[in-house]
**Student:** 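This structure is in structure tokens; I'll ask about it shortly.
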Amino acid sequence: MPKAIVVRETGKASNMKFEEVKVGKPKKGEVLISQKAIGLNYIDVYFRTGLYPAPQMPLTPGMEAAGDVIAVGAGVTDFKAGDRVAYGSVLGAYAEERIVPADRVVKIPKGISYELAASVMLKGMTTEYLLRRTWKVKKGDTILFHAAAGGVGSMATQWANELGATVIGTVGSKEKVKIAKAQGCHHVINYREKDFVSEVMRITKNKGVDVVYDGVGKDTFPGSLDCIRPLGMWVTFGQASGSIPDMNLGLLSQKGSLFVTRPTLMTYIAKREDLVMSTKAMFGAINKGIIDVSVNQTYPLKDAAKAHRDLEGRKTTGATVLLV
Ligand SMILES: NC(=O)c1ccc[n+]([C@@H]2O[C@H](COP(=O)([O-])OP(=O)(O)OC[C@H]3O[C@@H](n4cnc5c(N)ncnc54)[C@H](OP(=O)(O)O)[C@@H]3O)[C@@H](O)[C@H]2O)c1
């Protein structure tokens with residue numbers, strides 16, 4: 001029987017157990033995948049801890065993976081056994097084998113490994129919609145991206161650079177400063193050593209940035225709002241340091257008629273056509289060398305708990321993959 005990570009009670013990383021599971025056969029509109037590589041994402045921590053409620057218990061965390069189709073259900077015509085496929089936002093990815101709705105799956109382009117595909121589906125599509133559809137980054141913009149050496153941060157800062165923006169990145173260590181600079185951040189701030197608000201205002205000559213992309217949450221609130229120029233946008237898309245407190249919307253007027261959005265990938269790829277468009281743009285950016293994806297950590301799937309501890313301990317950089 002195939003194995004998967006199973007969480008019976010939300011909480012610590014050690015609550016993730018590697019167990020045999022029943023997978024069954026794909027039903028109408030579904031594909032059964034033998035998985036080779038699984039991407040690690042901060043959302044996996046939110047589900048494991050219970051910050052995001054699991055739709056059902058026990059829970060198998062994980063949202064993105066790549067592997068081979070081994071069977072298809074009735075009505076599936078776009079995929080067949082043997083196809084190399086990947087997906088980016090379907091809960092339950094920490095598994096050797098699993099069933100996924102076919103309309104959430106794409107074929108892996110030639111020349112892209114399972115490891116690379118698994119590391120970019122969720123993070124790459126997130127980068128695509130954040131930079132091209134939430135705030136449309138254009139030449140001449142100045143953007144602030146928090147956690148610039150992380151999974152999403154590494155891809156987004158490279159892509160924003162290509163779009164012609166001046167990119168300011170924040171990071172939490174000296175080693176990460178080097179990584180973010182090498183990725184093309186024009187300015188890097190170690191926010192564990194320096195006050196990022198005054199640094200941003202110094203760099204922008206007190207103008208502020210057009211947009212802040214904030215996946216850190218609690219620790220960068222409300223400072224992020226003080227970095228934005230009047231009528232700019234705060235894109236709060238995650239909370240790696242903890243949830244932001246309830247916010248008085250009056251703050252947005254006081255800080256300069258700011259716009260705020262709390263987007264999720266699910267909304268931006270809800271339609272199949274958007275998912276296909278987003279993955280095409282993302283794989284295109286990889287093929288053209290706009291994004292150079294670094295899989296800096298790999299772990300066997302059975303060691304998912306160690307991978308979570310490292311992610312939460314701010315020890316990882318770039319993308320992380322669990323190998324089957
Ligand atoms: N809304 C969406 O559609 C969407 C989609 C994908 C991801 N996200 C969000 O994007 C963010 C990044 O996700 P990711 O998977 O790529 O993770 P990641 O950036 O690889 O890891 C999180 C990073 O956050 C920083 N951080 C700051 N304070 C922290 C703290 N107290 N504890 C832990 N980390 C802290 C760390 O970098 P430093 O040490 O450099 O500070 C850490 O490496 C997350 O908030 C995630 O939920 C949102």
Side-chain angles (χ1 to χ4, degrees), residues 13 38-49 51-52 61-64 88-89 91 93 118-135 144-158 168-181 183 185 188-194 196 212-221 223-224 234-244 260-270 274-275 278 282 291 293-297 307-322:
I38 299 150
L40 183 77
N41 290 285
Y42 223 92
I43 192 171
D44 308 347
V45 173
Y46 306 148
F47 275 111
R48 189 209 78 218
T49 57
L51 177 69
Y52 286 3
M63 305 296 281
E64 68 180 344
S89 197
L91 185 61
S119 70
V120 296
M121 287 299 291
L122 189 141
K123 291 176 273 292
M125 285 195 283
T126 299
T127 296
E128 183 280 318
Y129 88 75
L130 286 177
L131 302 184
R132 302 193 335 155
R133 292 189 278 156
T134 305
W135 174 275
L144 173 62
F145 212 107
H146 287 306
V152 177
S154 291
M155 294 179 203
T157 51
Q158 294 178 68
I168 307 174
T170 57
V171 295
S173 73
K174 286 196 177 70
E175 187 215 351
K176 291 180 184 180
V177 170
K178 283 189 204 143
I179 291 171
K181 276 198 179 141
Q183 279 162 194
C185 279
V188 184
I189 303 165
N190 181 343
Y191 51 9
R192 284 171 122 174
E193 289 184 348
K194 287 194 173 159
F196 73 86
V212 175
Y213 289 104
D214 191 342
V216 170
K218 188 167 157 234
D219 289 357
T220 44
F221 179 83
S224 287
W234 178 42
V235 182
T236 166
F237 68 101
Q239 56 274 313
S241 67
S243 302
I244 54 168
V260 61
T261 181
R262 183 26 177 122
T264 71
L265 174 63
M266 295 292 268
T267 322
Y268 280 85
I269 59 165
D274 288 333
L275 184 147
S278 190
M282 181 257 296
I291 316 176
V293 181
S294 311
V295 179
N296 290 344
Q297 300 79 209
H308 273 222
R309 283 188 208 104
D310 289 348
L311 182 63
E312 290 173 277
R314 303 169 78 162
K315 288 183 187 155
T316 64
T317 57
T320 304
V321 168
L322 307 173

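Indexing begins at 1, ligand by ligand and atom by atom, following the structure's order. One-based numbering along the sequence shown.
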**Student:** Does ligand 1 have an atom that lies less than 4.0 angstrom from a heavy atom of Pro263?
**Tutor:** yes
**Student:** Considering both backbone and side-chain atoms of Ser241, is one of its nitrogen or oxygen atoms within less than 3.5 Å of a nitrogen or oxygen in ligand 1?
**Tutor:** no
**Student:** Start with the C-alpha distance between Met63 and Leu265, add both sets of side-chain angles, then the distance that settles side-chain contact (heavy atoms from CB on, under 4.5 Å), and finish with yes or no.
**Tutor:** CA-CA 11 Å; Met63 305 296 281; Leu265 174 63; over 6 Å; no
**Student:** Consider every N or O of Gly318 and every N or O of ligand 1, then say whether any pair is closer than 3.5 Å.
**Tutor:** no
**Student:** Applying a heavy-atom cut-off of 4.0 Å, say which part of Leu122 lies close to ligand 1: side chain, backbone, both or neither.
**Tutor:** side chain
**Student:** Among Leu311, Thr316, Ile179, Val188, which one puts a heavy atom closest to atom 21 (O) of ligand 1?
**Tutor:** Leu311
**Student:** Just by modelled atom types, is the Leu122 backbone N or O under 3.5 Å from a matching donor or acceptor in the Thr126 side chain?
**Tutor:** yes
**Student:** Just which atoms of ligand 1 are under 4.0 Å from any heavy atom in Leu265?
**Tutor:** 2 (C), 3 (O)
**Student:** Say whether Gly215, considering both its backbone and side-chain N or O atoms, lies within less than 3.5 Å of an N or O atom on ligand 1.
**Tutor:** yes
**Student:** Run the numbers for me: atoms of ligand 1, each under 4.0 Å from some heavy atom of Val216, listed by number.
**Tutor:** 27 (C), 28 (N)
**Student:** Would you say the side-chain atoms of Gln297 pair up with the backbone N or O of Thr317, donor to acceptor, closer than 3.5 Å?
**Tutor:** yes
**Student:** Do Arg192 and Arg314 come close enough that some side-chain heavy atom pair is under 4.5 Å?
**Tutor:** yes
**Student:** Numbering the atoms of ligand 1 from 1, which are under 4.0 Å from a heavy atom of Gly151?
**Tutor:** 16 (O), 18 (P), 19 (O), 20 (O)
**Student:** Among Gln297, Arg314, Glu175, which one has a heavy atom closest to atom 26 (N) of ligand 1?
**Tutor:** Arg314
**Student:** Please indicate whether any nitrogen or oxygen in Lys176 is less than 3.5 Å from any nitrogen or oxygen in ligand 1.
**Tutor:** yes
**Student:** Check whether any side-chain heavy atom of Thr220 sits under 4.5 Å from a side-chain heavy atom of Ser241, and report yes or no.
**Tutor:** no
**Student:** Are any side-chain N or O atoms of Thr170 and backbone N or O atoms of Ala147, one a donor and one an acceptor, separated by less than 3.5 Å?
**Tutor:** yes
**Student:** Give yes or no for whether the N/O distance cutoff of 3.5 Å, strictly under, is met between Gly238 and ligand 1.
**Tutor:** no
**Student:** Quick one: does Val171 get an N or O within less than 3.5 Å of an N or O on ligand 1?
**Tutor:** no
**Student:** Counting both backbone and side chain atoms, is some N or O of Lys123 under 3.5 Å from an N or O of ligand 1?
**Tutor:** no
**Student:** Which atoms of ligand 1 have any heavy atom of Gln239 under 4.0 Å away?
**Tutor:** 45 (O)
**Student:** State whether the side chain of Ser154 and the backbone N or O of Gly151 hold a donor-acceptor pair below 3.5 Å, judged by distance alone.
**Tutor:** no
**Student:** Under a 3.5 Å distance rule, please check whether Thr236 uses its side chain to pair with a backbone N or O of Arg262 as donor and acceptor.
**Tutor:** no
**Student:** If we ignore hydrogens and angles and just use 3.5 Å, is the side chain of Arg133 paired with the main-chain N or O of Tyr268 as donor and acceptor?
**Tutor:** yes
**Student:** Determine whether the aromatic ring centres of residues Tyr129 and Tyr213 are separated by less than 6.0 angstrom.
**Tutor:** no
**Student:** Is it the case that the side chain of Thr316 and the backbone of Asp310 share a donor-acceptor pair, with hydrogens and angles ignored and the cut-off at 3.5 Å?
**Tutor:** no
**Student:** Could you check whether any side-chain N or O of Lys123 sits under 3.5 Å from a backbone N or O of Leu40, counting only pairs where one atom can act as donor and the other as acceptor?
**Tutor:** yes
**Student:** So, regarding Thr264 and ligand 1 (criterion: nitrogen or oxygen to nitrogen or oxygen, under 3.5 Å), is there a contact or not?
**Tutor:** no
**Student:** Give the numbers and elements of all ligand 1 atoms closer than 4.0 Å to a heavy atom of Ala147.
**Tutor:** 23 (C), 24 (O), 25 (C), 37 (O)
**Student:** Does Tyr268 have a heavy atom less than 4.0 Å from any atom of ligand 1?
**Tutor:** no
**Student:** Is the closest N or O pair between Tyr191 and ligand 1 shorter than 3.5 Å?
**Tutor:** yes
**Student:** Using a 4.0 Å cutoff against the non-hydrogen atoms of Arg262, which atoms of ligand 1 qualify?
**Tutor:** 1 (N)
**Student:** Is it the side chain, the backbone, both or neither of Met125 that has a heavy atom closer than 4.0 Å to ligand 1?
**Tutor:** neither
**Student:** Taking N or O atoms only and a 3.5 Å limit, does Gly153 qualify as a polar contact for ligand 1?
**Tutor:** no
**Student:** Are any of the side-chain heavy atoms of Ile179 and Val171 separated by less than 4.5 Å?
**Tutor:** no
**Student:** Of all the atoms in ligand 1, which lie at a distance below 4.0 Å from a heavy atom belonging to Thr126?
**Tutor:** 4 (C), 5 (C), 6 (C)
